[in-house]
Amino acid sequence: MLRDETKVIHIGNKVIGGGNPILIQSMTNTKTENAEATVRQIKQLETAGCDIIRVAVPTMEAAEAIAEIKKQITIPLVADIHFDYRLAIAAMEYGADKIRINPGNIGDMEKVKAVVDMAKKKNIPIRVGVNSGSLEKHILEKYGRVTAEGIVESALDKVKIIEDLGYDNLVISIKSSDVLMCVRAHEIIANKTKYPLHVGITEAGTVTSGNIKSAIGLGLILHQGIGDTIRVSLTGDPVEEIASAKLILKTLGLRKGGISVVSCPTCGRTQIDLIGLAGKVEKMVANYDLDIKVAVMGCVVNGPGEAKEADIGIAGGIGEGLLIKKGEVVRKVPEEQLLDTLEEELKHWRD
C-alpha cells in the first residue's frame with residue numbers, strides 16, 4: 001500500500017500518513033464569522049463521524065472567529081485560504097491546526113515565505129491544494145489542455161516552493177471534477193512524492209450524482225493503496241458527506257465498526273412497505289456501535305436464504321414477518337412489530 005509509505009503528519013490531535021487510518025474530512029458551509037452557527041454545524045459533523053473539519057477564511061473576522069470555534073470543538077480545524085497571505089498568518093495565530101493554500105495565488109515569494117515562516121514557528125501542516133481549474137497558463141500551453149500530468153506538475157511545483165523555504169510538514173491535494181482524470185493524477189503523484197494525499201472529487205455535484213462520482217473515483221484511488229484522508233464533496237448538507245465517506249471506506253474494507261445494512265430491491269412478491277422499513281432500519285442502526293451486518297428482506301420466500309450472510313435480519317410477509325439470525329428463522333412476529341423486534345435484539349446483542 002502506497003499510503004503505508006507516506007510521511008507521518010500531525011494535525012491537531014490526529015495523525016495521518018504512514019499507514020495510519022484514513023480520516024474523513026468535511027467543510028462547513030456556514031459563514032465562519034458566525035462562530036455560533038459554525039460550531040453548531042461542526043458538532044453535528046463530529047457526531048456523524050467527521051475526523052477533520054475545514055472552514056473558509058475569506059475575511060479577517062473569519063480568521064479571528066477561529067479562536068472561539070476552537071474552544072468548543074474537539075476535532076482538528078483546517079483554515080481554507082485563498083489569495084490573502086495575511087489571512088493565512090492570522091488563522092494560524094488564532095489556532096488553526098492546519099492551513100490549506102495554493103502558493104501560486106498567495107502572492108510573491110515574500111508573502112509565501114511569511115506564511116511558511118509562521119507555519120514553521122507553530123509546526124502547523126500546510127495542505128498544498130491544486131484544482132484542475134487553477135492550472136497556470138504555461139502548464140496549459142505545455143500539455144495543450146487540462147491533463148492529469150499537468151495537475152501533478154503544478155502541485156509538485158508548489159510543493160517545491162515550500163520545500164525550498166525549508167519546510168516539509170506538508171499534505172497534498174489534487175482535485176478535478178473529471179473522475180478518471182482525477183484517478184490518473186493520483187496514480188501519477190503517488191509514485192512521485194511521499195507526502196500524504198488528501199483525496200476527493202471536486203465539484204462532484206448534488207447528493208445523488210456527487211455520491212456516484214465520489215464512490216467511483218475514491219473507490220478506484222483508495223483501492224490502489226493511495227490516499228490518507230478523504231472528502232466526499234456534495235452540494236447539500238455536509239453531514240451527508242460523512243455518511244457517504246464512511247460507507248465508501250467500509251465497502252472497501254478500510255474501516256471497521258458500525259452496522260452495515262443490506263436490503264433487497266423489492267419485486268412483485270413484496271408484501272410490506274420494504275422501502276419505508278429499510279429506511280427506518282438504516283436510521284435506527286446508526287445509534288449502535290456494532291460491527292455487524294443487518295438484512296432487510298421483502299418476502300419470506302427468499303428472505304432467509306438471502307439473509308444468510310447477515311448476522312441478523314428481518315423478512316416481511318403478508319401482515320407478518322420473520323426474525324432471522326445467521327440464516328436461521330428465529331421466530332415470526334406481526335409486521336408492525338418487526339422494527340421493534342430488531343431493535344430489541346440489537347440492544348442485547350453483546351449480552
Side-chain angles (χ1 to χ4, degrees), residues 1-27 45-46 48-54 75-80 96-102 119 123-131 148 151-152 154-156 158-160 162-163 167-176 179 182-202 204 214-233 238 241-242 244-257:
M1 293 292 179
L2 291 164
R3 69 175 61 91
D4 293 343
E5 302 169 7
T6 53
K7 180 181 174 65
V8 173
I9 298 290
H10 293 262
I11 305 169
N13 58 6
K14 301 289 186 181
V15 182
I16 66 169
N20 280 291
I22 297 167
L23 299 186
I24 296 171
Q25 295 193 30
S26 185
M27 188 172 184
L45 290 162
E46 283 185 85
C50 182
D51 299 306
I52 300 171
I53 188 65
R54 181 159 51 113
I75 58 176
L77 183 146
V78 181
D80 192 85
D97 298 296
K98 175 184 169 188
I99 60 169
R100 185 269 191 189
I101 63 171
N102 179 337
N123 197 30
I124 291 174
I126 296 174
R127 171 178 150 189
V128 179
V130 172
N131 288 352
I151 295 171
V152 171
S154 177
L156 294 181
K158 307 300 181 300
V159 167
K160 189 174 187 307
I162 297 176
E163 287 178 330
Y167 201 53
D168 65 354
N169 193 0
L170 305 175
V171 177
I172 301 174
S173 68
I174 49 171
K175 294 187 177 182
S176 172
V179 175
C182 197
V183 172
R184 180 60 186 147
H186 282 85
E187 292 170 345
I188 296 169
I189 202 168
N191 288 293
K192 290 179 176 289
T193 183
K194 293 299 182 184
Y195 292 118
L197 298 176
H198 172 68
V199 182
I201 307 299
T202 192
S214 294
I216 292 171
L218 291 175
L220 289 169
I221 293 167
L222 294 170
H223 190 56
Q224 296 183 71
I226 300 168
D228 301 275
T229 63
I230 64 169
R231 180 191 176 191
V232 175
S233 298
E241 299 183 355
I242 308 305
S244 300
K246 288 166 70 174
L247 186 54
I248 289 170
L249 291 175
K250 285 175 64 176
T251 302
L252 292 168
L254 295 170
R255 180 172 285 210
K256 301 295 182 183

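If you read the sequence from its start, that first residue is 1, and numbering goes on from there. The analysis underlying the following values was restricted to heavy atoms, covering all of them including side chains, and did not include hydrogens, waters or symmetry mates.
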>> Keeping Asp168 on the side-chain end and Glu163 on the backbone end, is there a donor-acceptor pair under 3.5 Å?
In response: no
> Please walk me through it: do Ile201 and Ser233 pass side chain to side chain contact (heavy atoms under 4.5 Å, CB included)?
Replying inline: CA-CA 7 Å; Ile201 307 299; Ser233 298; over 6 Å; no
>> Using every non-hydrogen atom in the two residues, find where Cys182 and Ile221 come nearest and quote the distance to one decimal.
In response: O-CD1, 4.2 Å
> Which distance, rounded to the nearest 0.5 Å, do you find between the NE2 of His186 and the CD1 of Ile188?
Replying inline: 11.0 Å
> Is there a side-chain contact between Thr193 and Val159 (heavy atoms, below 4.5 Å)?
Replying inline: no
> Are the side chains of Ile242 and Lys246 in touch, meaning some heavy atoms are under 4.5 Å apart?
Replying inline: yes
> Taking the side chain as C-beta and beyond, is there a heavy-atom pair between Asn169 and Ile9 under 4.5 Å?
Replying inline: yes
>> When you compare the side chain of Ile172 with that of Val130, does any pair of heavy atoms fall below 4.5 Å?
In response: no
> Is there side-chain contact between Pro196 and Lys7, with at least one heavy-atom pair below 4.5 Å?
Replying inline: yes
> Can you name the closest pair of heavy atoms from Ala148 and Ala185 and give their distance?
Replying inline: CB-N, 3.6 Å
> At what distance, to the nearest 0.5 angstrom, does NZ of Lys98 lie from CD1 of Ile124?
Replying inline: 12.0 Å
> Looking at residues at least two apart in the chain, or sitting in another chain, which of them share a side-chain hydrogen bond (donor to acceptor under 3.5 Å, both in side chains) with Ser173?
Replying inline: Arg127
>> Closer than 4.0 angstrom, basic N to acidic O: yes or no for Arg231 and Asp80?
In response: no
>> I'd like to know whether Arg184 forms a side chain to side chain contact (heavy atoms under 4.5 Å, CB included) with Ile151, so could you lay out the CA-CA distance, the side-chain angles of the two residues, the decisive distance to 0.1 Å, and finally the verdict.
In response: CA-CA 10 Å; Arg184 180 60 186 147; Ile151 295 171; over 6 Å; no
>> Could you report the tightest heavy-atom contact between Ile174 and Ala155, atom names first, then the distance?
In response: CG2-CB, 3.5 Å
> How about Arg3 and Leu222: do any of their side-chain heavy atoms sit closer than 4.5 Å?
Replying inline: yes
> Going by the salt bridge (Lys or Arg N to Asp or Glu O under 4.0 Å) test, which pairs reach into residues 188-198, not counting sequence neighbours?
Replying inline: Glu5-Lys194
> If you look at every heavy atom in Gly12 and Asp97, which pair is closest and at what distance?
Replying inline: CA-OD1, 3.7 Å
> Which heavy-atom pair separates Lys250 from Arg255 by the least distance, and what is that distance?
Replying inline: CG-O, 3.4 Å
> Does the side chain of Val78 come within less than 4.5 Å of Ile52's, by heavy atoms?
Replying inline: yes
> When rounded to the nearest 0.5 angstrom, what is the spacing between CD1 in Ile11 and CG in Leu77?
Replying inline: 11.5 Å
For residues 13-24, which side-chain donor-acceptor pairs fall under 3.5 Å, sequence neighbours excluded?
unit_1	atom_1	unit_2	atom_2	d
Asn13	ND2	Thr74	O	3.0
Asn20	ND2	Gly17	O	2.8

> Roughly how far, to the nearest 0.5 Å, is CG of Leu218 from CG of Leu249?
Replying inline: 8.5 Å
> Quick one: CD1 on Ile216 to CG on Leu220, what's the gap to the nearest 0.5 Å?
Replying inline: 7.5 Å
> Passes side chain to side chain contact (heavy atoms under 4.5 Å, CB included), Gln25 versus Glu241? Steps please.
Replying inline: CA-CA 9 Å; Gln25 295 193 30; Glu241 299 183 355; over 6 Å; no
>> Quick check for you: to the nearest 0.5 Å, what is the distance between Leu156 atom CG and Tyr195 atom OH?
In response: 10.0 Å
>> Please find the pair of heavy atoms, one from Cys50 and one from Ile75, that lie closest to each other, and give the distance.
In response: O-CG2, 3.7 Å
